[in-house]
J.: 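Structure incoming, see below.
All figures in this text were calculated on a predicted structure; none of them were measured in a lab.
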There are 2 protein chains.
Amino acid sequence: MNNLTLEDIARKSGVSRSTVSRVINDHPNVSKAVREHVQEVIRQTGYRPHPAARALVSNRSWTCGLILPRAIPTFFTDPYYPCLIQGISQACSKKNYTFSLFLMENEEDEEQIFSRVSRRGFMDGILFQSYQIGDALLDKLVDSGIPLVILGRPFQNRQVSYVDINNIDSVSKAVQYLLDTGHKRIGTITGPQNTAVGIDRRMGYQQALQRNKIIVNEKLIVEGTFTEESGYWGMKQLLRENPDGVFTASDQMALGAMRAIKEEGLDVPGDISVIGYDDFPMASPAHPALTTLRQPIAQFCFEALKMLISLVEDGLEPYRRVILQSEFVIRDSTRDRS
Amino acid sequence: MNNLTLEDIARKSGVSRSTVSRVINDHPNVSKAVREHVQEVIRQTGYRPHPAARALVSNRSWTCGLILPRAIPTFFTDPYYPCLIQGISQACSKKNYTFSLFLMENEEDEEQIFSRVSRRGFMDGILFQSYQIGDALLDKLVDSGIPLVILGRPFQNRQVSYVDINNIDSVSKAVQYLLDTGHKRIGTITGPQNTAVGIDRRMGYQQALQRNKIIVNEKLIVEGTFTEESGYWGMKQLLRENPDGVFTASDQMALGAMRAIKEEGLDVPGDISVIGYDDFPMASPAHPALTTLRQPIAQFCFEALKMLISLVEDGLEPYRRVILQSEFVIRDSTRDRS
DNA sequence: ATAATGATTGGGAGCGTTCCCAATCCTTTT
DNA sequence: AAAAGGATTGGGAACGCTCCCAATCATTAT
């Protein structure tokens, strides 16, 4: 264990505490000779400053928290959360931040997380995955005044900074593509309608139809939960309406939908075209390879952390927002019927 | 933001800093009246102590790190890591610890993580997921003297504390079950043979056969990577040897194996029995429902954290170890052939 | 009533940093 | 050669807490 202090290094290198501190923090005004000598001593002793002492005096801990909402039914099966976690981890690593994870599973967790997190001094800021309408914790967090960035848009038009993906637009383009390639009866399996992504992706579907003067048929819309299973059952239901194309709000649901279609003896894309959303690792090795919308997760995470850091350094206001685009990736689960 | 200090609370409640500190830390020797009054003031003001200041003076940060190894090919598809993350998160929450996650993806990460983690004062201890043979970071961590618990057994017989699951024994029992129910040609799809779990589960398979005086046929052993895909291809290969039972080292591979079997026009369990390992969420809704070995992940994580805390509080030695058992869960993918 | 005892309470020191200001040193200019 | 200026260095104070010891208070026994 490393129990050296600044003072120890100062003594060993024959300079003062202040000088060593300056060397460590790359301050100017240290002569080259002294700087190099001190660096050498630090290297040899393996000294590393005490993070808590630093945090105490500088009020920066170089740690940020990621809060994932409670009751994630898909935490184990949907790659979204692992991808997000990896993305944030990478971003933190690049920015030299330590990354603390908070999984919120019940009411008590919520209280505990709040008290753990809302006190500046251990956590420089918080990334909060938007999920359900009316998250009490989110309100408290906003009020607490800790630097906060929402991943995904918040529900109420609150005064918060956030990073989002233009779901409406992206989906609308994908459905437009189905329209342009001669599809006549396009269904959708949506995400949960109490989540922002769920609502927005459905909205994108509707906008595309409306723009083309097509009346939205409620029977061609089924609500899912992002899981493979819900895609399967949703498709079973849609099949009764004889669609020739389906947009599903996640790749997992697209996989489920394809399973249902095949089970019915129909072919993808021969009889029905399927479009997913995410472009997660299982999308391209699927049979047929899935046409989908690629979420720019890595960039998303990076922008979120960048925003958080600017909040930490420059203050909370003005509120910032960044909207990213998903990329439409055409593979083999769609066919031109025109 | 909460910028109150102990001194502020002391002033507001007309007592001294020391008394407030005693109230917060539940020390005895505070009169009931004073204690309640101070608690009321704390409640009203929403005061929370500055964690960095506490950590500085007490040398406890109430934070632990989880390091996940580099190059996890299955991070997004295998539910093991999400489950582990959730388990550790729950355990930390119960023990009032904050949980920092480190994903190691390349050499630089390794160096960075080490320097972030090895300095006591911000991280009370480290949980390290055992993975590949010869992890350089692990060696450095052990040398650094920071409290450390390995998840899974370490390779070299090093002086470290760890928590493991008795893979050899568990698998051996499962294979014994196949033997007892009249299976004659039992194959296995192993995990990677440069991982401890991969090696141990294969060993369990071999031990069961040897105990029953059956010669181990190398052609009935195929190495996989824990993924669905590798289970599929592994099974394709095994099929040439006409097995009537297969043990796969993960549920994912079992799913892949079943896909391959069905594709060949054979039936599970009619023609071939399949046993997986993990009992992750997708095991029971599979068709047929998977017979498997249930990893006690939650308990595993809890024991690991408990061990880590005892290391933090009582010192590193003597080395501790806890071995848990997997539970054999019989469902519909196996059939009695006797 | 007084001494002795134990329960409360308060204040000082210190944890390892950073930051500020004053002191020193070296150049350069006159 | 002396003064001025900038570059470099050192030391004190502060961050907000815990811990220790001394002081005070209440309670009981003599």
J.: Looking at every heavy atom in both Ala10(A) and Val20(A), which two are closest together, and how far apart are they?
T.: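 So the minimum-distance heavy-atom pair works out to CA-CG2, 3.6 Å.
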J.: Among Val38(A), Thr19(A), Leu6(A), find the one that has a side chain to side chain contact (heavy atoms under 4.5 Å, CB included) with Ile24(A).
T.: Leu6(A)
J.: Distance check: side-chain N/O of Thr19(A) vs OP1/OP2 of dG10(D), anything under 4.0 Å?
T.: yes
J.: Any side-chain donor-acceptor pair under 3.5 Å between Arg320(B) and Ser310(B)?
T.: yes
J.: Checking side-chain polar atoms at under 3.5 Å, does Asn166(A) have a donor or acceptor matched by the opposite partner on Arg153(A)?
T.: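 No pair is found: no donor N or O on one side chain lies under 3.5 Å from an acceptor on the other.
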J.: Distance check needed: dT17(C) C1' versus Ile24(A) CD1, whole Å only.
T.: 9 Å
J.: Examine dG11(D): is either OP1 or OP2 under 4.0 Å from a nitrogen or oxygen in the side chain of Ser16(A)? Give yes or no.
T.: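 Checking dG11(D) against Ser16(A), no side-chain N or O comes under 4.0 Å of OP1 or OP2.
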J.: Nearest-Å distance, NZ (Lys32(B)) to P (dA7(C))?
T.: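 My rounded result for the distance is 18 Å.
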J.: Would a line drawn from the ring center of Tyr81(B) to the ring center of Tyr81(A) be shorter than 6.0 Å?
T.: no
J.: Take atom CD1 of Ile9(B) and atom P of dG10(C), then tell me their distance rounded to the nearest Å.
T.: 15 Å
J.: dT18(D) C1' sits how many Å from Trp62(B) CH2, rounded?
T.: 14 Å
J.: Once you round it to whole Å, what is the distance between P of dG16(D) and NE2 of His50(A)?
T.: 17 Å
J.: Should Lys140(A) and Glu110(A) count as an ion pair when the cut-off is N to O under 4.0 Å?
T.: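 No, no charged N to carboxylate O under 4.0 Å.
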J.: Would you mind reading off the distance between Glu7(B) atom CD and dT18(D) atom C1', rounded to a whole angstrom?
T.: 13 Å
J.: Atom CG of Leu56(B) to atom C1' of dA13(C): distance rounded to whole Å?
T.: 13 Å
J.: Which pairs, protein N/O on one side and nucleotides 19-27 of chain C N/O on the other, fall under 3.5 Å?
T.:
none

J.: Rounded to whole Å, please give me the gap between CG in Asn29(B) and P in dT8(C).
T.: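 So the CG-P distance, Asn29(B) to dT8(C), works out to 6 Å.
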J.: Among residues 33-41 of chain B, which ones have heavy-atom contacts with DNA chain C below 4.0 Å?
T.: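 Listed by number, they are Val34(B).
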J.: Which atom pair, heavy atoms only, marks the closest approach of Thr5(B) to Tyr47(B)?
T.: C-CE1, 3.7 Å
J.: Closer than 4.0 Å, any side-chain N/O of Tyr47(A) to the OP1 or OP2 of dG16(C)?
T.: no
J.: Work out which heavy atom in Ile146(B) is nearest to a heavy atom in Asp124(B); give both atom names and the distance.
T.: CG1-O, 4.3 Å
J.: For Tyr162(A), what residues pass the side chain to side chain donor-acceptor pair (under 3.5 Å) criterion, not counting sequence neighbours?
T.: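 Applying side chain to side chain donor-acceptor pair (under 3.5 Å) to Tyr162(A) gives none.
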J.: I want to check one thing: is the phosphate of dG16(D), taken as OP1 and OP2, less than 4.0 Å away from some side-chain N or O of Thr5(B)?
T.: no
